[in-house]
Amino acid sequence: MSAVLPRSGVVLGVASLVLSEGMTPEHGREVVRAAVEAGAAAIDTARAYATVDDDAAGERLAATAREIDPSIPLITKAGHYRIGTAAWDADGSADRLRKDALRSREVFGAPPSLLLLHRADRVDDVLASLRVLAELREEGVVEAIGLSNASVELLEAAAGVATIDAVQNRLGLGVDPIDEYRFCREQGIDFLAYAPFGGPRAAPLATRIPHVAALAMAREASIHRLALAAMIDALPGLWPVIGPTRVESVRDSAAATHEIVDDELRTAFRDDLRSRGVDL
């Protein structure tokens, strides 16, 4: 297991708890508390998860997890920030990344467990940005560093610049390829898979993994919990990043860590992904 994420399981992402309509700080804290109590492996946030009135809304919410478990890793992302009611911008400059990192450390009251360059796909010189992140790690401003939204080609180039501790990319079951995960696995880099259920525009999960869905019905379990359990089992070194807004949903998903994965579930999961062109 990695030094960044000392145990397997799911990671709670707080973006929806900040950016979705109707969310309140009080409700966000309830969901975070439920996630920690259910055994979430870490809390994921970002400088971009801000409100118009509070540039650190998402990080403040993530930090409440340590009121329950002082050791839980806090992951944040820099270089992407809110500039208006419905507008964001990306900036991977040294000044911006250092400013973001110091602000994150201030809000957390300790160095972030992991700092990621949020929009590696929108930064002009990612390798220069990575050098800055490496300096911040060396100075102890952050504990570990990585990239988010990075292609295999970019990760290959980055390998010659600095040691990357983790990558966070989208990996929806039956939607996205697993090339970046495979690269990270080969290199010993932790992989955080956001939108594991495919996101709001994807076809229903049950139609993409029907064998797992049938098992869930037979076992009177949620398809989401079984899918996450199978994903963690089949893809070592991967942590799904979930973003539920309901206490009941986060409890159910976080319980995937304790779900027994037997050969029947492994086969169902493997066959479902293979039918979608993803061979484990």
Side-chain angles (χ1 to χ4, degrees), residues 2-7 11-15 17-19 25 28-29 32-33 35-36 40-83 88-120 122-123 126-150 158 161-168 189-190 192 194 239 241:
S2 77
V4 180
L5 295 159
R7 63 178 184 267
V11 172
L12 174 67
V14 304
L17 296 174
V18 176
L19 303 177
R29 287 192 289 271
V32 169
R33 173 177 290 276
V36 178
I43 307 296
D44 174 75
T45 186
R47 298 293 305 142
Y49 305 161
T51 65
V52 175
D53 299 322
D54 184 358
D55 76 304
E59 289 178 325
R60 285 188 220 285
L61 181 56
T64 63
R66 287 191 169 166
E67 297 171 5
I68 308 159
D69 179 358
S71 67
I72 192 166
L74 299 182
I75 301 164
T76 192
K77 299 178 281 292
H80 185 50
Y81 53 97
R82 189 165 194 161
I83 58 175
W88 282 260
D89 200 2
D91 180 358
S93 67
D95 287 347
R96 183 75 213 189
L97 294 181
R98 184 168 289 277
K99 175 183 177 183
D100 282 353
L102 292 172
R103 180 68 167 136
S104 297
R105 185 177 66 174
E106 175 189 2
V107 176
F108 290 161
S113 307
L114 172 64
L115 179 69
L116 302 161
L117 177 64
H118 197 161
R119 296 302 319 207
R122 296 184 187 176
V123 172
V126 175
L127 302 186
S129 300
L130 184 57
R131 292 187 187 96
V132 177
L133 294 182
E135 290 173 2
L136 291 166
R137 179 178 58 192
E138 184 176 350
E139 295 167 12
V141 176
V142 302
E143 294 180 357
I145 63 168
L147 302 175
S148 185
N149 302 295
V161 174
T163 299
I164 296 174
D165 299 301
V167 167
Q168 183 175 139
I189 300 170
D190 293 344
L192 301 161
Y194 73 81
W239 285 259
V241 181

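Throughout, residue positions are numbered sequentially from 1 according to the sequence presented.
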Can you see which heavy atom on [X] is nearest to which on [Y], and at what distance?
| X | Y | result |
| --- | --- | --- |
| Trp88 | His80 | CB-CE1, 3.5 Å |
| Ala120 | Val126 | O-CG2, 3.1 Å |
| Tyr49 | Val18 | O-CG1, 3.8 Å |
| Ala41 | Arg7 | CB-O, 3.6 Å |
| Ala158 | Leu130 | CB-CD2, 3.5 Å |
| Ala62 | Leu74 | O-CD2, 3.5 Å |

Taking side chain to side chain contact (heavy atoms under 4.5 Å, CB included) as the definition, give me every residue that meets it alongside [X], ordered by chain and number, with sequence neighbours left out.
| X | value |
| --- | --- |
| Ala101 | Leu115, Leu136, Val141, Val142 |
| Ser129 | Leu97, Leu117, Val123 |
| Ala128 | Asp125, Arg131 |
| Ala42 | Leu5, Val11, Pro73, Ile75 |

Please name all residues satisfying side chain to side chain donor-acceptor pair (under 3.5 Å) with [X], sequence neighbours left out, ordered by chain then number.
| X | value |
| --- | --- |
| Tyr194 | Asn149 |
| Asp91 | Ser93 |
| Glu139 | Arg98 |
| Glu67 | none |

Check whether any side-chain N or O of Arg47 sits under 3.5 Å from a backbone N or O of Gly79 as a donor-acceptor pair, and report yes or no.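 Not a single qualifying donor-acceptor pair exists.
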If the condition is salt bridge (charged side-chain N to carboxylate O under 4.0 Å, His left out), which residues does [X] pass it with, not counting sequence neighbours?
| X | value |
| --- | --- |
| Asp54 | Arg60 |
| Arg96 | Asp100 |
| Arg105 | none |
| Glu106 | Arg103 |

Side chains of Thr76 and Val107: does their closest heavy-atom pair fall under 4.5 Å? no
Determine, step by step, whether Arg137 and Thr163 satisfy the side-chain contact (heavy atoms from CB on, under 4.5 Å) criterion, reporting the C-alpha distance in whole Å, the side-chain angles of both residues, the deciding distance to 0.1 Å, and the verdict. CA-CA 10 Å; Arg137 179 178 58 192; Thr163 299; 4.0 Å; yes
As a quick check of understanding, evaluate side-chain contact (heavy atoms from CB on, under 4.5 Å) for Val36 and Thr64, giving each step before the final call. CA-CA 10 Å; Val36 178; Thr64 63; over 6 Å; no
Charged N to carboxylate O below 4.0 Å: is that the case for Lys77 and Asp44?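 A salt bridge links Lys77 with Asp44.
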Basic-acidic side-chain contact under 4.0 Å: Asp55, Arg82: no
List the steps, then state whether side-chain contact (heavy atoms from CB on, under 4.5 Å) holds for Leu61 with Thr45. CA-CA 8 Å; Leu61 181 56; Thr45 186; over 6 Å; no
Between CD1 of Ile164 and CD1 of Ile145, what distance do you get to the nearest 0.5 Å?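 Taking CD1 in Ile164 and CD1 in Ile145, the distance rounds to 7.0 Å.
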